[in-house]
Amino acid sequence: MHIASTARIPVGISQCLVGDPVRFNAGHKHSRLCTEQLGTLFDLRPVCPEVAIGLGTPRKAIRLAGDPVAPRAIGTKDNQLDVTEALQSYADEVNERSQDLCGFIFMQKSPSCGMERVKVYDHNGHPAPATGQGVFAARLMQHNPLLPVEEEGRLHDPVLRENFVTRVIVYADWQQLVNDGLSASRLLAFHARHKYLLMAHQAPSYRRMGQLLANPGRGDALRETAAAYFSELMTALRRPASRRGHSNVLQHVAGHFKRVLNPPEKAELQQLISRYRSGVVPLVVPITLLQHHLLRHPDPYLLQQAYLQPHPPELSLRNAI
């Protein structure tokens, strides 16, 4: 059975979230979820853009002001302090020297690190109707539109947490494929391993990507196919899989056992899939039974599927979805 690599995956993180006192008030926002749970899988790389550009700790607070689409980062009390370009330049620097990152966890509501819904102020000091993105985060995401990113606060939602971890692992697997040397056979094997995972998230994308790989080409054509494939893959995975999507895949996987299970075993499996779809039991319940049947009746195709074990079981990410 495919199990994600136990090697820790490099992931950037806002430095205050690892407990370092780098906030404007010399405080921190230590996230035990990140350091104690996700830290077992991720090699967390702390970054504090405000300290990095020389604002110091403690420091005068900054906020977003102006056009929510392209806000400026200025001093809360001293609007002559404008660190917009400095934060953007630092994002350029981080992007240049951190090409191995496979994800980033941002601090929510931060004028530098907020991923979305950051408060923006009009020049008269009143909150603007629309919100924006932190300057550093926006620039980093602009450089890496396919990079899995999430805010720490949203990671407390078990569905969003499982989705983020899955995307980071898939992203890391893809980087490994590219580092090993792209070939048509490796690309097709990668797609085969992630078939059911992709299907759970976006069945239409799975069909389109299958058509894309029907003729992967060679040389430049292969690289173009791979780039288009990876873009579609990461875009599809960005939307968490629904119970309906998971249930569809569970039925596909169950179909591999139709000739080896006896009637009571088939009935039990169908009952658990139905209970999962109805929200009575979490995803780990039917998955565990399928893994049990797979141990008793090995299937080469299923054994390679990332869907059945996309992340280390110790994280218990499917226990609450």
Side-chain angles (χ1 to χ4, degrees), residues 11-34 46-95 103-161 163-164 167 235 238-240:
V11 170
I13 186 170
S14 295
Q15 191 168 354
C16 59
L17 294 173
V18 301
D20 291 345
V22 293
R23 284 175 59 80
F24 74 97
N25 59 359
H28 61 77
K29 288 287 186 177
H30 185 201
S31 169
R32 296 190 183 280
L33 169 65
C34 291
V47 173
C48 180
E50 294 178 29
V51 169
I53 64 172
L55 290 185
T57 305
R59 58 183 174 273
K60 295 179 179 179
I62 59 173
R63 66 183 182 185
L64 298 182
D67 181 3
V69 176
R72 309 291 298 180
I74 65 173
T76 300
K77 295 182 179 180
D78 177 13
N79 59 16
Q80 297 302 307
L81 174 65
D82 189 326
V83 294
T84 309
E85 280 76 19
L87 289 171
Q88 291 173 336
S89 294
Y90 184 64
D92 297 341
E93 180 185 330
V94 170
N95 174 68
F104 209 105
I105 302 172
F106 292 111
M107 177 62 203
Q108 62 270 15
K109 301 180 181 179
S110 165
S112 57
C113 288
M115 189 180 83
E116 57 186 25
R117 302 185 307 278
V118 182
K119 189 174 293 186
V120 180
Y121 293 84
D122 292 329
H123 290 298
N124 60 13
H126 298 295
T131 57
Q133 296 176 312
V135 174
F136 170 83
R139 185 68 156 235
L140 196 64
M141 290 188 291
Q142 182 181 6
H143 281 303
N144 304 280
L146 301 180
L147 184 73
V149 296
E150 193 52 273
E151 291 185 333
E152 190 275 343
R154 285 166 48 91
L155 289 175
H156 290 269
D157 180 317
V159 173
L160 297 180
R161 181 165 66 251
N163 177 256
F164 176 68
R167 287 187 290 136
T235 301
R238 195 175 295 157
R239 189 177 78 174

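Counting from 1, the numbers follow the sequence of the chain as shown.
Between Arg72 and Glu85 there is a salt bridge, since a side-chain N of the basic residue sits under 4.0 Å from a carboxylate O of the acidic one.
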Identify every side-chain donor-acceptor pair in residues 56-64 under 3.5 Å, counting partners at least two apart or on other chains, and give the distances.
from: Thr57; atom 1: OG1; to: Arg59; atom 2: NH1; distance (Å): 3.3
from: Arg59; atom 1: NE; to: Glu50; atom 2: OE1; distance (Å): 3.0
from: Arg59; atom 1: NH1; to: Val22; atom 2: O; distance (Å): 2.8
from: Arg59; atom 1: NH1; to: Gly56; atom 2: O; distance (Å): 2.9
from: Arg59; atom 1: NH2; to: Val22; atom 2: O; distance (Å): 2.9
from: Arg59; atom 1: NH2; to: Glu50; atom 2: OE1; distance (Å): 3.1

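When all heavy atoms of Phe136 and Val94 are compared, the closest pair comes out as CE1-CG2, 4.0 Å. Of all heavy-atom pairs spanning Asp20 and Gln15, the tightest one is OD2-NE2, 2.9 Å. The minimum heavy-atom distance linking Pro49 with Leu87 is given by the pair CB-CD2, 3.8 Å. Annotation for Pro68 and Ala128: closest pair CG-CB, 4.3 Å, computed over non-hydrogen atoms. Of all the heavy atoms in Val47 and Phe104, the pair that sits closest is CB-CZ, 4.2 Å. When all heavy atoms of Gly66 and Val120 are compared, the closest pair comes out as O-CG1, 3.6 Å.
No side-chain heavy atom of Glu116 sits less than 4.5 Å from a side-chain heavy atom of Thr131.
To the nearest 0.5 angstrom, Phe106 atom CZ is 5.5 Å from Met141 atom CE. Taking CG of Leu17 as the reference point, atom CG of Leu155 lies at 9.5 Å (rounded to 0.5 Å). Expressed to the nearest 0.5 Å, how far NE2 of His143 lies from CD of Gln88 amounts to 9.0 Å. The distance from atom NZ of Lys109 to atom NZ of Lys29, rounded to the nearest 0.5 Å, is 8.5 Å. To the nearest 0.5 angstrom, Tyr90 atom OH is 8.0 Å from Cys48 atom SG.
No donor-acceptor pair closer than 3.5 Å links the side chain of Glu150 to the backbone N or O of Phe164. A distance-only check finds a donor-acceptor pair linking the side chain of Glu151 to the backbone of Met115 [under 3.5 Å]. Judged purely by atom type and a 3.5 angstrom limit, Ser110 uses its side chain to pair as donor or acceptor with the backbone of Ser112.
Scored by the salt bridge (Lys or Arg N to Asp or Glu O under 4.0 Å) test, Arg161 finds no partners at all (sequence neighbours excluded). Remark: Asp67 pairs with no residue by the salt bridge (Lys or Arg N to Asp or Glu O under 4.0 Å) rule, at least two apart or across chains.
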Checking Cys34 against Glu152 for the side chain to side chain contact (heavy atoms under 4.5 Å, CB included) test, could you report, in this order, the C-alpha distance in whole Å, the side-chain angles of both residues, the deciding distance, and whether it holds? CA-CA 8 Å; Cys34 291; Glu152 190 275 343; 3.8 Å; yes
Residue pair Leu146, Thr235: steps toward the side chain to side chain contact (heavy atoms under 4.5 Å, CB included) verdict: CA-CA 7 Å; Leu146 301 180; Thr235 301; 4.3 Å; yes
Starting from the C-alpha separation in whole Å, work towards a yes-or-no answer on side chain to side chain contact (heavy atoms under 4.5 Å, CB included) for Leu140 and Asn95. CA-CA 7 Å; Leu140 196 64; Asn95 174 68; 4.1 Å; yes
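By the 30° and 60° cut-offs, the orientation of the rings of His28 relative to His30 is perpendicular.
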